[in-house]
2 protein chains.
Amino acid sequence: MITKPTIKDVAKLAEVSIATVSRVLNGSPLVQEKTRQRVWKAIEKLNYKPNALARGLINKKTQTVGMIIPDISNAFSAEVVRGIEDIANIHNYNVILCNSDLDFQREMKYVTTLQEKQIDGLIFLSEQVTDEHLDCFIESRLPVVLVATHDDKGLLPSVNIDNVMAARVATEYLLGLGHRRIAFISGPFDDPIAGITRLTGYKQGLQAKGLPVLEELILEGDFTYKTGYRNMRKLLQLQPRPTAVFAASDEMAVGAMNAILDNGLKVPADIAVLGFDNIDLTTKVRPRLSTIAQPMYDMGAIAMQMLIKILTDAPLEKRIVKLPFELIIRESCSVKK
Amino acid sequence: MITKPTIKDVAKLAEVSIATVSRVLNGSPLVQEKTRQRVWKAIEKLNYKPNALARGLINKKTQTVGMIIPDISNAFSAEVVRGIEDIANIHNYNVILCNSDLDFQREMKYVTTLQEKQIDGLIFLSEQVTDEHLDCFIESRLPVVLVATHDDKGLLPSVNIDNVMAARVATEYLLGLGHRRIAFISGPFDDPIAGITRLTGYKQGLQAKGLPVLEELILEGDFTYKTGYRNMRKLLQLQPRPTAVFAASDEMAVGAMNAILDNGLKVPADIAVLGFDNIDLTTKVRPRLSTIAQPMYDMGAIAMQMLIKILTDAPLEKRIVKLPFELIIRESCSVKK
DNA sequence: CTGTTAGCGCTTTCAA
DNA sequence: TTGAAAGCGCTAACAG
């Protein structure tokens, strides 16, 4: 069986030393033009590809980064990942994908494996970054950038959106349309990233207008279609009915929307619906749903840019980045009250 | 600055040779229990992690595979990728993710880079596998498994669904409901994977019943929401109207659905709608759409299993796998004519 | 400008 | 049961 050609084979064929081949490969200027051409010819003839393992062993750089995310099959993560990979690709990095399912054990196992593979840096998406996470990251001495999350102590660079502000602006928008009974289908009350923050924003929006926060109008979901649907059914029983619902995720918003329609009511004529997230499909499959657009792609892209800066010792202007969001208004909440 | 501990450091601390450390690391039985324990203690104390690059250099195995896909932010790919990663993870492989955007140049560049990184195998998703692709794969001598595509010559192992059969069964289902004027919104007529195949299945379904294939009922889209919407508008002008539409993608089906609703008609009372694909969101966000479920996750998982078998020299029962699909019937086409 | 040589961190004979 | 030494494919001094 024929083995892969190595630098030696190239050297032999080009009748030079392996050092010269190495120089040509790395674009060193101190090689005669004639020699360089001979070497390239040999490289092409043999279809030689340098071995990145051997290179990495010496350079202590692999041009590879790790990326630990909860679940790629979730449209969110997928957008972020695309942003990461695009920027990585531009800078000649490759990306190792790891699905954690938010399982701490798996996260830790991945960190170990990635360390062994000598990755240059790590991008980490998760719900909450605990002290154990932090310990592990520090111990690993890997450059880490957090996405869509942050650590309490602000030790690690991160990129995020301002969930409180986003929810507040959205609430104020609904108020501006004339709505006064605005229900809120929240994420889990113990989720510090996308749960309480958005709830807080909702409350702030009401309070800024001097309106009361009514407990009956606030229900807890878990971001899924099902809890959106169920909670909306409960809300429909209230007297008087809310005139608008703001859900902390698009999936819940769509669930709510279907619950409303199933009840024989109209969106937005009877009840306006506003979601949160803007996964790709919101705009494509559900072009009628109003939503708060989280720039998922940008979050990934910017996180990767930050990582690259760290890896190249470029200065980071900001360690904690908060990206602007966008309010996308469609039919589902476009009618003035 | 403290450097990473190497096998030398462990050897020194445990007062053994590096060979012994290596044996312990690789679970060799010919190490005394006492020595083994001393070594493990040293490993833990130093928090030593073996360098996978050095290992790979010798073993010619990296426990890493590459995965070239068109676009991870597309819900399809994401499902497949999840299947791939899950199986890879079980077998202690990592996965390098590459987005090609179906650009041949990028695909080739990725293959080169992945080769340099000494991946053990490659999973390739694309629309069409050309002869150039084939040349490149063969030249690379990498084990390759194709997903959701195949090569004409059947040289490479692949996993797929039977698009013709799927579309035929779907058409027959609609016929079984009593529909006789069934429109078909096709994918591009020059797409050999998901275009003509599904169209063929549709035609076969009609012909098997002795029904004519009417050109006016067949329109060409490109799988997107927009073309579904537009084509449906055209179909609505026909006299008589079709009583059912079968779209070659869920996005087009949803587009068609909205066009029907916008026209003041009801689904499925006036017109039944059937899609194709079953991306995750179809079931979650669009629980009312009937569809042909392509087992995307399974395709990824099975492809990875095949690759693992190839890598471990296990026999492959089948080189060309065709997975069964599933007809998921929901409200959108549940009414008998 | 080019070649020689010493490793990078590890596995694997071969001896002891 | 253990250690010494060779070498995987490459880069980077150092010499010439």
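Chain letters run A, B, ... following the sequence lines, proteins first, then strands; residues in each count from 1.
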Undergrad: How does each nucleotide of nucleotides 2-10 of chain C score, in 5' to 3' order, for protein heavy atoms under 4.0 Å: base (B), sugar-phosphate only (S), or none (-)?
TA: BBB--BBBB

Undergrad: Hey, which of A:L146, A:I84, A:V159 is the one that makes side chain to side chain contact (heavy atoms under 4.5 Å, CB included) with A:I123?
TA: A:I84

Undergrad: Hey, are A:E79 and A:R82 close enough for a salt bridge, meaning a charged N less than 4.0 Å from a carboxylate O?
TA: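 Here A:E79 does not pair with A:R82 in a salt bridge, since their nearest N and O are not under 4.0 Å apart.
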
Undergrad: Report the distance from atom CD1 of A:I43 to atom P of D:dC10, rounded to the nearest whole Å.
TA: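 Going from A:I43 (CD1) to D:dC10 (P), I get 10 Å.
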
Undergrad: To the nearest angstrom, how far is B:K12 atom NZ from D:dT2 atom C1'?
TA: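 So the two atoms are 19 Å apart, to the nearest Å.
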
Undergrad: Whole-Å distance between C:dC1 P and A:R38 CZ?
TA: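 One finds 14 Å between P of C:dC1 and CZ of A:R38, rounded.
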
Undergrad: How far apart are the closest heavy atoms of B:M67 and B:L122, and which atoms are they?
TA: N-CD1, 4.0 Å

Undergrad: Taking ring-ring contact (aromatic ring centres under 6.0 Å, His included) as the test, write out the residues that go with B:H133, two or more places apart.
TA: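 ring-ring contact (aromatic ring centres under 6.0 Å, His included) list for B:H133, sorted by chain: B:F104, B:F124.
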
Undergrad: Restricting to pairs with a member in residues 128-137 of chain A, which pass salt bridge (charged side-chain N to carboxylate O under 4.0 Å, His left out), not counting sequence neighbours?
TA: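 Qualifying pairs, neighbours excluded: A:D131-A:K153.
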
